[in-house]
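Below is one structure, written out as structure tokens, with a few remarks after it.
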Number of protein chains: 2
Amino acid sequence: KEIAKLPKETLALWEKYGADESDDKESFQKSFIRHVTTTLARSIYNIDNFSAYQATAHSVRDRLIKRWNETQQTHTEVDSKRVYYLSLEFLLGRSLDNALLNLGLKDNYGGGIKELGFTMEDVLEQEVDAALGNGGLGRLAACYMDSLATMDYPAWGYGLRYTYGIFQQRLKDGYQIEFPDYWLNFDNPWELPRLDVVVDVQFCGSVNRYTDEEGHERYAWEGGDTLQAIAYDVPIPGYGTKNCINIRLWSSKPKRQFDLTRFNEGQYEQAVYEQMQAENITAVLYPNDNHMVGKELRLKQQYFWVAASLFDIVRRFKKSEKPWSNFPLQVAIQLNDTHPTLAIVELQRILVDLEGIGWDEAWAIVTQTFAFTNHTILPEAMERWPVPMIQYLLPRHMQIIFDINLFFLQKVEKAIPNNRDLLAKLSIIEESTPQFVRMAHLAIVGSHRVNGVAALHSELIKQTIFKDFIQFYGESKFENKTNGITPRRWLHQANPKLSELITETLGSKNWLKNLDLLKGLKSHVNNKDFRKRWVAAKLSNKVRLADYIQKATGVTVNSNALFDVQVKRIHEYKRQFMNILGVIHRYNTLKKMTSEERACVVHRVVIFGGKAAPGYYIAKLVIKLINSVAEVVNNDNSIEDSLKVVFIPDYNVSVAEIIIPASDISQHISTAGTEASGTSNMKFVLNGGLILGTVDGANIEICEEIGDDNIFMFGNLAHQVDDLRHAHRYRSVPVDPSLQAVINDIESGQFGDSRIFAPLINTLTHGKDYYLISDDFQSYLDTQKLVDESYKDQEGWTTKSIMCSAHMGKFSSDRAIQEYADQIWEIKPVPVMTKKHI
Amino acid sequence: KEIAKLPKETLALWEKYGADESDDKESFQKSFIRHVTTTLARSIYNIDNFSAYQATAHSVRDRLIKRWNETQQTHTEVDSKRVYYLSLEFLLGRSLDNALLNLGLKDNYGGGIKELGFTMEDVLEQEVDAALGNGGLGRLAACYMDSLATMDYPAWGYGLRYTYGIFQQRLKDGYQIEFPDYWLNFDNPWELPRLDVVVDVQFCGSVNRYTDEEGHERYAWEGGDTLQAIAYDVPIPGYGTKNCINIRLWSSKPKRQFDLTRFNEGQYEQAVYEQMQAENITAVLYPNDNHMVGKELRLKQQYFWVAASLFDIVRRFKKSEKPWSNFPLQVAIQLNDTHPTLAIVELQRILVDLEGIGWDEAWAIVTQTFAFTNHTILPEAMERWPVPMIQYLLPRHMQIIFDINLFFLQKVEKAIPNNRDLLAKLSIIEESTPQFVRMAHLAIVGSHRVNGVAALHSELIKQTIFKDFIQFYGESKFENKTNGITPRRWLHQANPKLSELITETLGSKNWLKNLDLLKGLKSHVNNKDFRKRWVAAKLSNKVRLADYIQKATGVTVNSNALFDVQVKRIHEYKRQFMNILGVIHRYNTLKKMTSEERACVVHRVVIFGGKAAPGYYIAKLVIKLINSVAEVVNNDNSIEDSLKVVFIPDYNVSVAEIIIPASDISQHISTAGTEASGTSNMKFVLNGGLILGTVDGANIEICEEIGDDNIFMFGNLAHQVDDLRHAHRYRSVPVDPSLQAVINDIESGQFGDSRIFAPLINTLTHGKDYYLISDDFQSYLDTQKLVDESYKDQEGWTTKSIMCSAHMGKFSSDRAIQEYADQIWEIKPVPVMTKKHI
């Protein structure tokens, strides 16, 4: 309905009854009670902590909605350029605490809930993580959305609303087992179902050529199956701003209007079954991190998501009635990895087939619109889809891909004539049997900018996987945008004690929106009281973690020991295997010591956490080995508590929020050149935890910022890796003697039946030690010794800890987003205007 | 939380903020706007009629919840005997209008919504029917819930929350096609999800015998699969009372805690798939009316529903800590048809296996608790399940059924010795290969009372299907409870003009709670003004229906013609076939007339509606024949509008509300002895529509009430049916000549390719005319002539119409419920006490 056409009477009613609720304690209590009695249909007789959480969440949701509406109305009015962040994963974790803090409601709500007979801590604990991601890539998307919101950018995220998020990990006899994550079973107050925002998505069918009224040859994609994408909006509130942006997640539903010809008598049951199948498309997040899975359903997910999102973006653009040439001035689309690459093809299809724009004009619009972030150079992670599969599911898209490739290679041929080898290397089509579509190539060709996610990684992509493209495009198309993390969640929310100390010390909360201000801590580094409180904050976080470990694993750990953490996806390249081998070395060294010698040793708690892909056999064996070692070590009284090993099950965002602030040292020890950036390294250091790392990913830039004194680096460098692998493969390289000793210990049965671990040990021997554990092992052990020595100097350690945090300004996701906004998207902040409620 | 333990501060907050919202116009408007902006996350900029419906519904829902809570609290405090109505179908239709009327909100809300820029009519039209039933059985359950609520009885309904209700019927080339009814896609404000009310339901596994601590032999049902039943509560508000009772519908969900041993590496995808399969149990309502479907999934539905419901009922009983012997004093369970018969076995299992009660004591409790309503004597509708299927899905239940049968037959043998034939006839087990369980026998043996649903039907069951049981039990166990309908929905809501006239004429609305007061209309039957308004109400309803017909079928009909309606499931025994054969006879008679002759004929619109089971080939052919005849008749200008034929697609509750008040005559012409009761016959007559019917079901009792003058009865009687069928089968009975003429017309191709209709014609010939169309045809045509003659006397017709309504008091569902409550359930009304909001 158009407002202007409404009678005055109606407008007056909206004026009268549409006023905002206040944010004070009493208004919250009123709204809490209303939600208990109506939204939840409960009464004072049956509220438990979970319903108290729901009522609180709904009260916050009401306020988020107001902001969401005001933000969208402002953006519609201003109609400036928007950025759309397409990510197949958004690893949001919990929302209540974050929203309370970002909206500034936590104090009033905390007081209010207490008077209602609950504690905020208990209430917050009720929330189930939204775990729609595997690891770094999905969490990065979540941090970026927080920064976009906080910095007032007009931005939308687009993703899928998986019914099952990343699996829940449990342990049985030390082995990982996976449980479906049925998170939506509990009602989700953090989404706004938009049952009216429905997009038809087509699959299969055929392509027909025809001539339009103007005599142009056109193509129509016809027939096949049609599903519906239903929108669920997830409001993302900025910190200290009214801005509240949106992540739109699509859910697949059967289409109610079926193709009549498919229904004949007797097919009713089949028809119902097919409808139910339609929901399966968005049922499950593929639980693979940094590893391509070539399943047809995955490709369907990708197209389903991309088609619905593009339809939505184009619809929004068309409302403004600007000419198509303005599209790239109004719309920037960022491709988070190659997963959404079909968006390039889909936009070209919309422009050429549906809007009737000429190929070249359309292609210019497309390439100016998209930018592409590469997240890995691991060959097993590179997406490639069989041409016959795309042909079948998306016949028109396959044609367009072939055309894109043809026109691209023609340009290459023109610029660099007679280099057939180069054409084959650049081609979007891999000429194997069957042919494959190289999604990264398509993404590069269809984007105006390609970026890596840390300085080293951005260099490496230019030298390795995309080397040949430089010949054609030059270097300027490829750039670096070092990842970042949001200090709101990863310090303010996860580490309230430290956040409070920083705010008091710096005199304001401005650092939360300008993380460079942390530098101001340096001048307090020798202030005794400040240092004392700094150490106290860390200790209290360690006590909190120790409690959690006790609860989750049954192991008692001493909070005064050095907490040594490695939490991340379990992957060979991340080398948790090296870590546990080092632990065995340490254990057997401790066993050989006398009681007196051991008295001088720094006690250590080695903490592991992380999920392995369900089909990743070797990674799952690493988990088993860790647990087998833990079993032996933790029950060996002879080492007098000098070492404990724990594997915390089901590592996720909310568990990370407990672990990260409690770490003394954390390990980021990927084989050089394999980890694109890492972001947990940033989170640990921001919380005053030191890191032990290889010269890889963002470790390098962290080192540059905080200085060599405050970080423990070791191991071979990226440029040495190829030679070392070559040597392992073609020469006889002896295993490092300390490593051999550890292998012998495992094979002796010290940690149970050694046959279980044979496949793991084989990766070092028959497997030619692809991840160079042997090459880095001695350097790793030496550096660990250095860590022990340094920790003995507690005052020195505290200084390091403070200096770490103080120099982390660069790694705010605000900085990263600022760079994307200025250098790639060319968008400007749009402060939200306070709207009247009509 | 116990109220007593809450701090005063908390109680004070609930006192302060928990006050009821008022029901005036302004409060509604405020609540409407709040729901638009928060619940729906919309703003004044984007409200359409559907969101206006949602906001209105949520405002009503809030008020229903208050009443629901107060009712349940009262029932908990009073803790008197409750009745549980177990029905696999609840055909509720729409809820908003009903709730507005029952709560007395309609005037205030209607005015309020108008000022907000909408009309109540448009808003009501947005609601999707809750169509969780096939026909009469499901709608009866819904009427009974309305009466139970209105009469302040402490009652619960238990059913299943099907994701897909009864299919949507559309027509293509005159054929029925079925579309899945994805009704929950649109959000359902009329249910309260109880995510905390979760019941585990087990399938398969095995039975183990053991000896308990007291030395008793016990059985444990172990292993197998476990699913979860989640409760969704549907509030049912009474009319003119605070009482608001509950229908609890169960939805199947995967269980989050899986049996660990089933998870091994690599099985993750399978595990997710299995979880999704769990939801399929309650996915679809079986679309068969009066016909048994022997699918395993159907049996699983029945047990799933019964197990969850019994668990819930037992849990509620146990809270009161009364001894088990009190169970039948606190709990009455009514079995709506044999679908919930496993509840008998389940309760015996709970008592014997879980509670450790001795078999005989347990069985006494069970049989005093249950009562069973039989709904049909059609042999194809009798539920029988293969013993091996039950053995596999419910191994312990199969044992218990065998034991129940053994002890029952031992008693029979003792009472009537040496009658092996009788034992075989009474046995719960049918000794075929494989064996079958006769569910009706189990229901009779496990219940203290069995009833039919109309006088004739209750007699027939004693003479036919349950005849042998009378020998053992005597007659007193078997009784009659003639069905009823709620006048709130079927007159007050569906026919507001007539309702208003009645209220004005009788001086109050009391007739809505005491339908016998309609007798008061008799004294006004000669009042001119009253008669005029009576006729005007009918005409306005006919105009409304004519508009609907135009919209739904494109056919224009004249509101001054006689509206002749047959709407109900399409079934051979209901003889829509005879009706359309009669229409052909009429059509060809009209064609033979001169224009002058036709001028004297009453113009007639013959209206059909109803769904055929998707696999019921013959019924679907009847629909095709109706549409083929309609096509010819409606396009034949030569008969000058004297006849129109329409098939209204997708007949459902809300369509019935438009059709029924507009009928002049309706047809209820089942072969005598086949229709148990019928309830639409009652609805038509209550709305002043006359009926043309056979001497079957409730037609007989309606005739007794309204008198022969006001009803058109015809056809053979039930006691003649067997002889007539025998004659058709074993002798050569000539086809009725008028019928033969009509058959010849069809076979001549007058209504299209006659080969299509051959299978239908064959039912009359090779099929031995099982439903006796030939035998009744002449009498049917004669009576139709009588109808025409009577209609010409418009004044006489109006008198009949008024006298019809005036005598329908008996057929209120309130009367039926009163009888059940007094004579079977032994429950008393519990008026709801107004509660403070804490």
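Chain naming here is simple, since letters A, B, ... match the order of the sequence lines and numbering starts at 1 in each.
Separating the CZ atom in B/Phe50 from the CG atom in A/Leu195 is a distance of 7.0 Å, to the nearest 0.5 Å. Atoms OH and CD, from A/Tyr182 and B/Gln228 in turn, are 9.5 Å apart once rounded to the nearest 0.5 Å. Note that CH2 of B/Trp14 is 6.0 Å distant from OG1 of A/Thr37, once rounded to the nearest 0.5 Å.
For A/Arg42, the parts sitting under 4.5 Å from any heavy atom of chain B are the backbone and the side chain alike. When heavy atoms are compared at a cutoff of 4.5 Å, B/Ile230 approaches chain A solely by way of its side chain, counted from C-beta outward. Residue A/Pro287 touches chain B through its side chain alone, counting heavy-atom pairs closer than 4.5 Å. For A/Glu26, the parts sitting under 4.5 Å from any heavy atom of chain B are the backbone and the side chain alike. Contact annotation for A/Lys8: neither backbone nor side-chain heavy atoms come within less than 4.5 Å of a heavy atom of chain B. For A/Tyr164, the part sitting under 4.5 Å from any heavy atom of chain B is the side chain, from C-beta outward, and nothing else. At a 4.5 Å heavy-atom cutoff, the contact between B/Lys30 and chain A is made by backbone and side-chain atoms alike. Only the backbone of B/Thr39 comes within contact range of chain A, with heavy atoms under 4.5 Å apart.
Note on B/Glu21, B/Lys253, B/Lys114, B/Arg34: by heavy-atom pairs under 4.5 Å with chain A, the leading option is B/Arg34. Heavy-atom pairs under 4.5 Å with chain B were tallied for A/Leu192, A/Thr38, A/Leu64, A/Thr163; the largest tally goes to A/Thr38.
Minimum heavy-atom separation, B/Leu40 to A/Arg194: O-NH1, 3.6 Å. Across all non-hydrogen atoms, the minimal contact from A/Leu11 to B/Ile44 is CD2-CD1, 3.9 Å. Residue B/Thr10 comes nearest to A/Leu116 through the heavy atom pair CG2-O, 3.5 Å, listed as atom of the first residue, atom of the second, then distance. Between A/Asn69 and B/Ser43, the shortest heavy-atom contact is ND2-CB, 4.3 Å.
Looking at residues two or more places apart in sequence or on another chain, you find no side-chain hydrogen bond (donor to acceptor under 3.5 Å, both in side chains) involving B/Asn288.
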